**Q** 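Okay, handing you the structure first.
Reckoned from all heavy atoms, side chains included, excluding hydrogens, waters and symmetry mates. Since this is a predicted model, take the numbers as computed values, not measurements.
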Amino acid sequence: MIPDLPFDAESILATLRPWVECESPTHDAAAVNRMMGLAARDLAVAGAAVETIPGRMGLSDCVRARFPHRHRDQPGILVLGHLDTVHPVGTLASLPWRIEGNRAYGPGILDMKGGNVIALAAIRALTAAGIETPLPVTVLFTGDEEVGSPSTRDLIEAEAARHAVVLVPEPGHADNGVVTGRYAIARFDLEAVGRPSHAGAAPHEGRSAIRAMARMILAIDALSDADCTFSTGIVSGGQWVNCVPTLCRGQALSMAKRQADLDRGVERMLALSGEQDGVRFAVTRGVTRPVWEPDAGCMALYDRARRLSEALGQPLPHRSAGGGSDGNFTGANGIPTLDGLGPLGQGYHTLEEHVLIETLPQRARLFAALLADLGAAGRS
């Protein structure tokens with residue numbers, strides 16, 4: 001039975017706006033921690049016992065919230081989200097909170113503050129109605145997902161291992177779809193080291209690290225095929241325009257649908273290291289997300305969500321998706337995981353990021369139905 005709970009977009013937007021206006025780019029730990037504090041307060045008001053887990057690697061803290069339950073020690077439901085965004089502090093000047101028609105705009109509103117807030121709205125509604133979920137609920141918010149979760153992967157995996165299922169309110173898909181698998185992802189650090197000289201008086205005596213990096217970027221792009229893609233997203237080099245640059249650094253990303261394809265891609269990237277024309281080029285493997293392929297547990301979880309969604313009047317297709325999430329870790333470890341449960345919208349990671357307002361209460365209703373259904377006696 002699906003609980004008849006009141007959800008309205010206005011109340012969800014009222015919670016979401018201060019979250020969106022609290023800018024929280026990953027590499028600004030103080031900014032992310034301000035967002036953690038805001039979320040921690042809302043979770044505490046909702047009835048959770050909240051704790052802050054100190055950050056490391058120069059990245060933010062995390063927040064873990066455990067909601068009261070008579071079977072608190074039983075493996076339960078982990079709601080897994082991140083509060084960091086790709087938008088630097090000051091983005092609100094170009095992407096202010098605003099509502100235009102059926103859209104609400106703002107940095108991080110879709111990826112993934114909107115999803116985190118609909119999960120909170122679902123928990124609030126169940127509590128207000130006096131409905132105890134069959135399984136205990138824990139919320140874990142991290143602050144480094146956008147850079148591959150280097151400081152929190154161990155925490156995520158350890159916390160998920162203590163739970164029966166993981167629900168990830170990352171953005172939903174345009175057809176009201178959810179995510180039951182994600183591609184494997186590897187990041188790489190690139191470094192070119194050349195030879196200095198005066199760019200005006202003796203340009204030919206030097207060896208430009210920037211020029212070498214530019215050639216290697218084209219070579220990296222050329223590695224892409226249908227099974228494994230490559231792209232370079234960060235490049236920096238040089239200090240003086242009148243010096244042949246000695247050092248240039250960059251970061252690249254590779255993504256594949258299957259782990260074996262990613263492993264081959266990693267080998268091809270590492271093989272680019274070497275020296276040419278007096279410039280040393282080095283590729284170092286960075287953070288990696290394993291491929292998450294749906295197993296029986298994942299599909300059983302999805303099937304329950306599908307039935308609930310259909311009972312609420314909406315289809316719920318599923319797919320494996322590109323772009324990583326922390327669901328990669330939990331799904332790859334065999335813990336039943338359902339991702340993409342957040343609201344629908346477009347433009348995440350851009351200055352057009354927005355959610356479709358009507359999907360906020362729709363997805364909150366589905367999330368509440370899942371929390372109220374999972375673990376119920378006599379069902380599978």
**Q** Do you know the tightest heavy-atom contact between L120 and A46?
**A**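 Taking L120 first and A46 second, the nearest heavy atoms are CD1-CB, 3.9 Å.
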**Q** Is atom CD of Q276 surrounded by more than 12 heavy atoms (other residues, nucleotides or ligands) closer than 6.0 Å?
**A**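 Atom CD in Q276 is not packed in, count stays at 12 or less.
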**Q** Would you sort out whether V86 and T26 count as a side-chain contact (heavy atoms from CB on, under 4.5 Å), showing the intermediate values?
**A** CA-CA 7 Å; V86 301; T26 310; 5.9 Å; no
**Q** Show the nearest heavy-atom pair for residues M299 and P294, with the distance to one decimal.
**A**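 The answer is SD-CB, 3.8 Å.
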**Q** Check the side chains of T330 and N333 for a donor-acceptor pair under 3.5 angstrom, ignoring hydrogens and angles.
**A** no
**Q** I'd like to know if V20 and L351 are part of one continuous hydrophobic network [Ile/Leu/Val/Met/Phe/Trp/Tyr, side-chain heavy atoms within less than 4.5 Å].
**A** no
**Q** Suppose the criterion is ring-ring contact (aromatic ring centres under 6.0 Å, His included): which pairs have a residue in residues 94-126, not counting sequence neighbours?
**A** Y105-H354
**Q** Only one of R258, R264, K257 forms a side-chain hydrogen bond (donor to acceptor under 3.5 Å, both in side chains) with D227, so which one is it?
**A**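 Exactly one option meets the side-chain hydrogen bond (donor to acceptor under 3.5 Å, both in side chains) with D227, and it is R258.
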**Q** Rounded to the nearest 0.5 Å, how far apart are SG of C62 and CZ of R56?
**A** 9.5 Å
**Q** Under a 3.5 Å threshold, yes or no: a donor from one side chain and an acceptor from the other, between T229 and S224?
**A**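 No donor-acceptor contact under 3.5 Å links the two side chains.
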**Q** Run the numbers on S254 and R268 for side-chain hydrogen bond (donor to acceptor under 3.5 Å, both in side chains), then give the verdict.
**A** CA-CA 11 Å; S254 180; R268 295 166 73 190; over 6 Å; no
**Q** Cut-off 3.5 Å, side chains only: do D111 and H82 have a donor facing an acceptor?
**A** yes
**Q** Does A39 have any side chain to side chain contact (heavy atoms under 4.5 Å, CB included) partners at least two apart in sequence or in another chain, and if so, which?
**A** W19, M35, L83, F141
**Q** Any salt bridge between R289 and D326, counting N to O under 4.0 Å?
**A**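 Answer for the salt bridge query: yes.
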**Q** Are K113 and D84 ion-paired here, with the side-chain N under 4.0 Å from a carboxylate O?
**A** no
**Q** Roughly how far, to the nearest 0.5 Å, is CG of L80 from CG of D339?
**A**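 Spacing of CG (D339) from CG (L80) equals 8.5 Å.
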**Q** Is there a side-chain contact (heavy atoms from CB on, under 4.5 Å) between L167 and L78 once you walk through the steps?
**A** CA-CA 6 Å; L167 303 180; L78 178 63; over 6 Å; no
**Q** Indicate yes or no: does E159 engage R66 in a salt bridge with an N to O separation below 4.0 Å.
**A** yes
**Q** Cluster question for you: counting only ILVMFWY and a side-chain heavy-atom cut-off of under 4.5 Å, with indirect links fine, are L43 and L16 together?
**A** yes
**Q** With rounding to the nearest 0.5 angstrom, report the CG to CD1 distance, L360 to I109.
**A**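 CD1 of I109 is found 7.5 Å from CG of L360.
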**Q** Strictly distance-based, threshold 3.5 Å: is any side-chain N or O of D8 a donor or acceptor partner for the main-chain N or O of S11?
**A**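 Yes, the answer is positive, given that a donor and an acceptor are paired below the 3.5 Å cut-off.
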**Q** Is a donor on one side and an acceptor on the other found under 3.5 Å between the side chain of N116 and the backbone of M112?
**A** yes
**Q** Under a single-linkage definition using a 4.5 Å side-chain heavy-atom cutoff for Ile, Leu, Val, Met, Phe, Trp and Tyr, are L312 and F367 assigned to the same hydrophobic cluster?
**A** yes
**Q** Can you confirm whether more than 12 heavy atoms, excluding those of R211, are under 6.0 Å from its CZ atom?
**A**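 No, CZ of R211 has 12 or fewer neighbouring heavy atoms, counting only those of other groups under 6.0 Å.
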**Q** Does E51 use its side chain to pair, donor to acceptor, with the backbone of A65 at less than 3.5 Å?
**A** no
**Q** Please evaluate residues V179 and E170 with respect to the criterion side-chain contact (heavy atoms from CB on, under 4.5 Å), reporting the C-alpha separation (whole Å), side-chain torsions for both, the decisive distance (0.1 Å), and the verdict.
**A** CA-CA 9 Å; V179 175; E170 287 273 7; over 6 Å; no
**Q** Check D373 with R304, please: is the shortest side-chain N to carboxylate O separation under 4.0 Å?
**A** yes
**Q** What's the separation between atom CZ in R72 and atom NE2 in H69, rounded to the nearest 0.5 Å?
**A** 8.0 Å
**Q** About how many Å separate OG1 of T180 and CG of D295, when rounded to the nearest 0.5 Å?
**A**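 If we round to the nearest 0.5 Å, D295:CG and T180:OG1 are 10.5 Å apart.
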**Q** Using only heavy-atom distances, determine whether the side chains of Q346 and E352 contain a donor-acceptor pair under 3.5 Å.
**A** no
**Q** Counting heavy atoms not belonging to R41, are there more than 12 under 6.0 Å from its CZ?
**A**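 No, the 6.0 Å shell around CZ holds no more than 12 heavy atoms from other groups.
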**Q** Checking L338 against V165 for the side-chain contact (heavy atoms from CB on, under 4.5 Å) test, could you report, in this order, the C-alpha distance in whole Å, the side-chain angles of both residues, the deciding distance, and whether it holds?
**A** CA-CA 8 Å; L338 190 59; V165 297; over 6 Å; no
**Q** Does F7 have more than 12 heavy atoms from other residues, nucleotides or ligands lying within 6.0 Å of its CZ?
**A** yes
**Q** With a 4.0 Å cut-off on N to O distance, would you call D4 and R365 a salt bridge?
**A**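 Salt bridge: no.
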**Q** Filter on salt bridge (Lys or Arg N to Asp or Glu O under 4.0 Å), then keep only pairs touching residues 272-287, sequence neighbours left out; what's left?
**A** R207-D277
**Q** Give a yes-or-no answer on whether the side chains of D61 and T52 include a donor-acceptor pair shorter than 3.5 Å.
**A** no
**Q** Taking side chain to side chain contact (heavy atoms under 4.5 Å, CB included) as the definition, give me every residue that meets it alongside A40, ordered by chain and number, with sequence neighbours left out.
**A** V50, V63
**Q** Answer yes or no: does atom CZ of R98 have more than 12 heavy-atom neighbours from other residues, nucleotides or ligands under 6.0 Å?
**A**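 Counting neighbours around CZ of R98, more than 12 heavy atoms of other residues, nucleotides or ligands fall under 6.0 Å, so yes.
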**Q** For D189 and T284, test the side chains for any donor-to-acceptor distance below 3.5 angstrom and give the result as yes or no.
**A** no
**Q** Does a side chain donor of either R182 or S325 reach within less than 3.5 Å of an acceptor in the other side chain?
**A** yes
**Q** Residues in side chain to side chain donor-acceptor pair (under 3.5 Å) with S208, at least two apart?
**A**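 Once residues adjacent in sequence are excluded, S208 has no partner under the side chain to side chain donor-acceptor pair (under 3.5 Å) criterion.
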**Q** According to the ring-ring contact (aromatic ring centres under 6.0 Å, His included) rule, which pairs have a member within residues 166-225, sequence neighbours left out?
**A** none
**Q** To the nearest 0.5 angstrom, please state how far the CZ atom of F329 sits from the CD atom of E145.
**A** 8.5 Å
**Q** What closest approach, in Å, do L366 and A305 show between heavy atoms, and which atom pair accounts for it?
**A**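 Here L366 and A305 meet closest at CD1-O, 3.9 Å.
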